[in-house]
Amino acid sequence: MNFSQKILVLAFFIYCPLIAWGHDGGKGINDSAPPNIGAGGPFNSRNVTLLSHMNLGQIGGGPTNVLGNDCWGWTDPLTSREYAIFGLTNGTSFIDITDPTAPIYLGKLNSQTGNTAWRDMKVYNNHAFIVSDANGAHGMQVFDLTQLRTVAPNNPQSFTNTAHYAGVNSSHNIAINEATGFAYIVGSNQASGGLHIVNIQNPTNPVAAGNFSADGYTHDTQVVNYGGPDFSYLNREIAFNSNEDTLTIVDVTNKSNLQMISRAVYSGSEYAHQGWLSEDHKYFFMDDELDERRSPTLINTRTRVWNVEDLDNPQYLGFVNGAESTIDHNLYVKGNLIFQANYTSGLRVLRINDAQTLDMEEIAFLDTYGADNNVTFNGAWSVYPYFDSGTVIVSDRQNGLFMVRFNSVPEPGSLGMLAALGLLASTFRRRRRV
């Protein structure tokens, strides 16, 4: 190998790691387009590969007037197979996506009560926990996911509950801290719509564990064992609540003595909907669902950023504009990437270069709703980016389930480094010829 070839090999090994992975508010959501609007494809995209797509009819969305909503994922610890859990107007569907180019619909768990636009689910200890809003005495369904191991392909099942929790009626959302085995049900008839906490350490025997009502209705929450820089709360169980008009942080370690740590407002709030922490627990990224819809002038999607290094005094840093003027709904953080489900503009992927200075950029997208990019509640509802395989799933209200893969994009400066190394190699080649 000559010297120039060695330089190029060195460039390759430096460059490759650099490009590696590092509510709707209850207003207007039911005035949605019917199924299969904009589902004909091709789906516009950048740096995202569409692996497969299943329309609502292929995943239990019949017979008529059924729409999709939330999604989550489960990986079987015994077999390593990957499964999508997909919420529907009338129940919850389960799909084997181990081969994301050939997904297999395994069956459906019908709604506990009636049909509704809202359903939400999370997973703990190989069980799915499912709640539903505006849906009578739905409570929380519990479903043993290991049943999926024995379902034969092309023989989808009609499943039944493994257990049921009746300590709440309708509920808008559920979060689970898998590190502790507690579920946090929000937007229910308990705790003034605030946190209703359930011990699910024995998944088939959920037990009420506490309530937090001091800040009223909570729309969504993320609960973690805190590992950020605020040593006062290190290793405590902390809830980061999106509370319609605030970010409200609560210490939920002691279920019989829940303590509000802080309650912070922000400029331009319309409906603080949902958010997710950075992996180092320094920043909280929030979507406000109604700011785009209520703005007197057309504005692009706004991703709002909080510095939460001091939990007693969270600092609102501002917002980053997206590429389209569409409503943001749910977002999740993986590494330095934010995966967003932004209704009519579909999946959007943002890279966090420097959250403190609001240096974030959209680097990828896949538009799951091809009909338009209007400011409506049609299109992508949620996204789940946490499968080890790299498969990402997106749930679209009208168009069903999308299996996609994010294509790595060079980090800032990496192309410049590669160019410099190439120039260096070229220089040495010229010198050797002299």
Side-chain angles (χ1 to χ4, degrees), residues 120 122-125 129 131 140 165 167-168 171-202 206-266 269 272-287 304-317 331-333 355-356:
D120 195 79
K122 297 296 184 295
V123 169
Y124 170 74
N125 195 13
F129 298 82
V131 299
M140 179 177 70
Y165 176 75
V168 294
S171 309
H172 190 74
N173 227 314
I174 182 172
I176 294 176
N177 183 0
E178 295 184 54
T180 62
F182 285 92
Y184 296 80
I185 298 173
V186 297
S188 76
N189 61 312
Q190 297 291 330
S192 300
L195 300 174
H196 177 67
I197 307 172
V198 184
N199 184 331
I200 57 170
Q201 292 165 0
N202 179 353
V207 178
N211 286 309
F212 178 80
S213 60
D215 196 32
Y217 182 93
T218 297
H219 191 78
D220 207 334
T221 187
Q222 183 188 9
V223 185
V224 299
N225 285 2
Y226 179 72
D230 190 337
F231 294 125
S232 301
Y233 299 98
L234 191 62
N235 297 321
R236 300 199 51 92
E237 193 171 6
I238 305 297
F240 293 80
N241 299 340
S242 299
N243 268 40
E244 298 190 293
D245 57 355
T246 66
L247 168 62
T248 301
I249 303 176
V250 183
D251 187 334
V252 296
T253 309
N254 184 344
K255 306 301 181 287
S256 61
N257 186 26
L258 306 172
Q259 297 292 320
M260 185 189 298
I261 298 172
S262 57
R263 181 181 187 274
V265 299
Y266 61 96
S269 70
H273 175 264
Q274 182 263 357
W276 209 254
L277 287 164
S278 60
E279 292 187 349
D280 59 10
H281 294 178
K282 291 182 178 181
Y283 299 95
F284 187 77
F285 303 95
M286 176 185 282
D287 55 75
R304 299 176 183 272
V305 185
W306 297 83
N307 181 312
V308 291
E309 294 180 272
D310 180 356
L311 298 187
D312 293 288
N313 188 30
Q315 298 295 309
Y316 176 63
L317 301 178
L331 65 83
Y332 295 97
V333 178
Q356 185 64 34

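Heads up: numbering here begins at 1 and tracks the sequence.
No side-chain donor-acceptor contact under 3.5 Å links N241 to the backbone of N243. With H219 contributing its side chain and S242 its backbone, the two residues share no donor-acceptor pair below 3.5 Å. Here the side chain of S192 pairs no donor or acceptor atom with the backbone of G194 at under 3.5 angstrom. Listed for the K255 side chain is no donor-acceptor partner under 3.5 Å among the backbone atoms of G210. Although no hydrogens or angles enter the test, the distance criterion places no donor-acceptor pair under 3.5 Å between the side chain of Q222 and the main chain of A175. Of the possible donor and acceptor atoms, one in the side chain of T253 sits under 3.5 Å from a partner among the backbone N and O of E237. Although no hydrogens or angles enter the test, the distance criterion places no donor-acceptor pair under 3.5 Å between the side chain of T218 and the main chain of V186. The main-chain N or O of G228 is never found under 3.5 Å from a side-chain atom of E309 such that the two would form a donor-acceptor pair.
The only option from N307, D310, V308 that meets the side chain to side chain contact (heavy atoms under 4.5 Å, CB included) definition with Q315 turns out to be N307.
In this structure the side chain of D120 never reaches within 4.5 angstrom of the side chain of H172, judged on heavy atoms. Within the 4.5 Å cutoff, the side chain of V252 has no heavy atoms near those of the F212 side chain. By the 4.5 Å heavy-atom criterion applied to side chains, M140 and S171 are not counted as neighbours. Here the side chains of F129 and K122 are not in contact, with every heavy-atom distance at 4.5 Å or above. Using a 4.5 Å heavy-atom cutoff, the side chains of L311 and I238 are in contact. In this structure, V198 and I185 have side chains that are in contact, with non-hydrogen atoms separated by less than 4.5 Å.
For the residue pair H196 and S188, the shortest heavy atom distance occurs at CB-OG, 4.5 Å. Counting all heavy atoms, side chain and backbone alike, A272 lies closest to T246 at CB-O, 3.9 Å. What you find for G187 and Y217 is that their closest heavy atoms are CA-CE1, 3.3 Å. L234 and G227 make their closest contact through CD1-CA, 3.9 Å (heavy atoms, listed as atom of the first residue, atom of the second, distance). The heavy-atom pair separating Q190 from V168 by the smallest distance is CG-CG1, 3.7 Å.
Checked by atom type, the side-chain pair D312/Y233 shows a donor-acceptor distance below 3.5 Å. No donor-acceptor contact under 3.5 angstrom links the side chains of S213 and N211, judged on distance only.
Within the model, atoms NZ of K282 and CG of L277 stand 13.0 Å from one another, a figure rounded to the nearest 0.5 Å. Atom CZ of residue R236 and atom CG of residue D230 lie 12.0 Å apart, to the nearest 0.5 angstrom. To the nearest 0.5 angstrom, N177 atom CG is 5.0 Å from N225 atom CG. Here the straight-line distance linking atom CG of L258 with atom CG of L195 works out to 7.5 Å at 0.5 Å rounding. Here the OG1 atom belonging to T180 is positioned 9.5 Å from the CD1 atom belonging to I197, to the nearest 0.5 angstrom. For the atom pair CG (D220) and CD (E244), the distance works out to 12.0 Å, reported to the nearest 0.5 Å.
Ring planes of Y316 and Y266: tilted class, angle from 30 to 60°. The aromatic rings of Y332 and W276 sit perpendicular to each other, their planes meeting at more than 60°, with 30° as the lower class boundary.
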Between D251 and Y226, is a side-chain contact (heavy atoms from CB on, under 4.5 Å) present by the stated rule, with each step listed?
CA-CA 10 Å; D251 187 334; Y226 179 72; over 6 Å; no
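Judged as a salt bridge (charged side-chain N to carboxylate O under 4.0 Å, His left out), and not counting sequence neighbours, the contacts of D215 are R263.
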